[in-house]
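Note sheet for the following structure.
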Amino acid sequence: MIESDTIKLLRECDAGIKMGVSSIDDVLKYVHDETFRRSLADCRDKHDELKGEIQILLAQYHDEGKEPNPMAKSMSWVKTNVKLVIDESDEAIADLITDGCNMGVKSLNKYLNQYQAADVKSKDITKRLINLEEKLAVDIRCYL
């Protein structure tokens with residue numbers, strides 16, 4: 001049970017990180033404010049660091065990770081691109097990223113509760129990922 005929950009939790013973190021990095025990459029070229037751009041890029045880099053840790057742990061379990069849900073990824077891409085065609089402001093970007101962060105925090109907390117038997121390392125990574133998402137949402141409030 002521990003191994004199964006650990007793999008499932010790591011896979012959800014892996015998918016969440018891929019979704020988050022993709023979302024940041026989708027909006028980065030539209031950001032006007034340099035401090036905002038740097039905040040997003042720094043957060044993306046920290047997501048990549050966690051992804052590396054997750055990949056190492058998943059490899060120990062002979063698992064390749066998980067891709068984000070194709071429907072969720074498509075819907076996110078469409079929402080982002082439609083919104084940015086209408087409004088390329090930093091406010092619109094901050095709104096999109098904040099929504100994504102909130103969804104990520106909600107999902108990750110759900111998975112922490114669902115996979116309670118997961119090992120301490122995977123729970124720690126999940127909590128660090130949640131903290132990254134929460135911090136980004138707070139850091140970009142001034143752009144809303």
Side-chain angles (χ1 to χ4, degrees), residues 4-116 118-144:
S4 174
D5 276 13
T6 297
I7 293 169
K8 289 175 183 173
L9 184 58
L10 289 170
R11 294 180 99 229
E12 294 302 341
C13 287
D14 186 44
I17 286 173
K18 289 173 182 172
M19 187 79 165
V21 167
S22 175
S23 295
I24 291 171
D25 285 341
D26 286 346
V27 301
L28 213 47
K29 62 184 169 261
Y30 297 100
V31 176
H32 298 94
D33 185 86
E34 186 56 38
T35 303
F36 186 18
R37 182 180 293 112
R38 197 170 27 255
S39 291
L40 290 173
D42 288 347
C43 188
R44 180 194 56 204
D45 294 345
K46 289 175 183 167
H47 275 70
D48 280 335
E49 289 173 21
L50 282 178
K51 183 180 176 190
E53 289 182 45
I54 290 168
Q55 292 301 317
I56 289 168
L57 292 173
L58 284 170
Q60 291 173 358
Y61 292 106
H62 308 289
D63 194 283
E64 294 182 14
K66 180 179 175 183
E67 290 300 317
N69 179 304
M71 184 60 88
K73 193 167 180 174
S74 296
M75 294 294 286
S76 173
W77 185 88
V78 167
K79 180 181 177 184
T80 298
N81 285 287
V82 167
K83 188 164 190 165
L84 292 178
V85 163
I86 296 167
D87 181 6
E88 286 187 18
S89 70
D90 285 351
E91 180 182 338
I93 294 166
D95 187 56
L96 286 166
I97 294 295
T98 299
D99 284 350
C101 288
N102 291 337
M103 288 172 45
V105 167
K106 181 181 172 184
S107 296
L108 290 166
N109 276 298
K110 179 182 103 174
Y111 294 127
L112 262 179
N113 292 331
Q114 186 175 348
Y115 303 122
Q116 291 182 2
D119 71 7
V120 175
K121 272 187 181 178
S122 62
K123 287 180 180 179
D124 176 63
I125 288 173
T126 306
K127 290 173 185 173
R128 286 189 285 150
L129 183 53
I130 290 168
N131 288 335
L132 265 179
E133 297 287 319
E134 289 174 332
K135 182 180 181 325
L136 181 60
V138 169
D139 289 349
I140 65 174
R141 281 184 188 161
C142 61
Y143 299 100
L144 292 172

Side-chain donor-acceptor distances from residues 49-57 under 3.5 Å, at least two apart:
from, atom 1, to, atom 2, distance (Å)
E53, OE1, R128, NH2, 2.5
E53, OE2, R128, NH1, 3.2
Q55, NE2, D14, OD1, 2.8

Any chance you could measure T80, atom OG1, to M75, atom CE, to the nearest 0.5 Å? 11.0 Å
Residue pairs passing the ring-ring contact (aromatic ring centres under 6.0 Å, His included) test where at least one lies in residues 41-63, sequence neighbours excluded: none
With sequence neighbours left out, what residues match V120 under side chain to side chain contact (heavy atoms under 4.5 Å, CB included)? none
To the closest 0.5 Å, what do you measure between CD (Q60) and CG (L10)? 9.5 Å
Only counting residues at least two apart or in another chain, list the ones meeting salt bridge (Lys or Arg N to Asp or Glu O under 4.0 Å) with D63. R11
Residues forming a side chain to side chain donor-acceptor pair (under 3.5 Å) with D45, sequence neighbours excluded: none
Determine whether L9 and D119 make a side-chain contact, defined as any pair of heavy atoms from C-beta on separated by less than 4.5 Å. no
Spacing of L40 atom CG and I97 atom CD1 [to the nearest 0.5 Å]: 5.5 Å
About how many Å separate CG of L28 and CZ of R38, when rounded to the nearest 0.5 Å? 12.0 Å
Quiz: residues 134-144 side-chain donor-acceptor pairs under 3.5 angstrom, not counting sequence neighbours:
from, atom 1, to, atom 2, distance (Å)
K135, NZ, D139, OD2, 2.6
Y143, OH, D33, OD2, 2.8
Y143, OH, F36, N, 3.4

Pairwise distance CD(E91) to OG1(T98) - rounded to 0.5 angstrom: 10.5 Å
Min side-chain heavy-atom separation S122-C13 under 4.5 Å: no
Tell me which pairs pass salt bridge (Lys or Arg N to Asp or Glu O under 4.0 Å) where either residue lies in residues 99-115, with sequence neighbours left out. K79-D99
Checking D25 now: which residues fulfil salt bridge (Lys or Arg N to Asp or Glu O under 4.0 Å) with it, not counting sequence neighbours? R44
Which residues satisfy the salt bridge (Lys or Arg N to Asp or Glu O under 4.0 Å) test with E67, sequence neighbours excluded? K18
Non-hydrogen atoms of E133 and V105 that approach each other most closely: CB-CG2, 3.6 Å
Consider only side-chain N and O atoms of D42 and S39, and report whether a donor and an acceptor are under 3.5 Å apart. no
Applying side chain to side chain donor-acceptor pair (under 3.5 Å), name anything that partners D26, two or more places apart in sequence or on another chain. none
Only counting residues at least two apart or in another chain, list the ones meeting side chain to side chain donor-acceptor pair (under 3.5 Å) with D87. S89
Closest non-hydrogen contact found for S76 with S23 is OG-OG, 3.7 Å
Tell me the closest heavy-atom pair linking H32 and D90, and the distance in Å. N-OD1, 2.8 Å
When you measure from the side chain of K123 to the backbone of Q116, do you find a donor-acceptor pair of N or O atoms at a distance under 3.5 Å? yes
Please find the pair of heavy atoms, one from D5 and one from Q114, that lie closest to each other, and give the distance. OD2-O, 4.3 Å
Residues forming a side chain to side chain donor-acceptor pair (under 3.5 Å) with D95, sequence neighbours excluded: K83
Checking E12 against K8 for the salt bridge (charged side-chain N to carboxylate O under 4.0 Å, His left out) test, could you report, in this order, the C-alpha distance in whole Å, the side-chain angles of both residues, the deciding distance, and whether it holds? CA-CA 6 Å; E12 294 302 341; K8 289 175 183 173; over 6 Å; no
Side-chain heavy-atom pair K127, L112 within 4.5 angstrom cut-off: yes
Is the shortest side-chain heavy-atom distance between S22 and K73 below 4.5 Å? yes
Value rounded to 0.5 Å, distance of CD1 in I17 from CG in L108: 8.5 Å
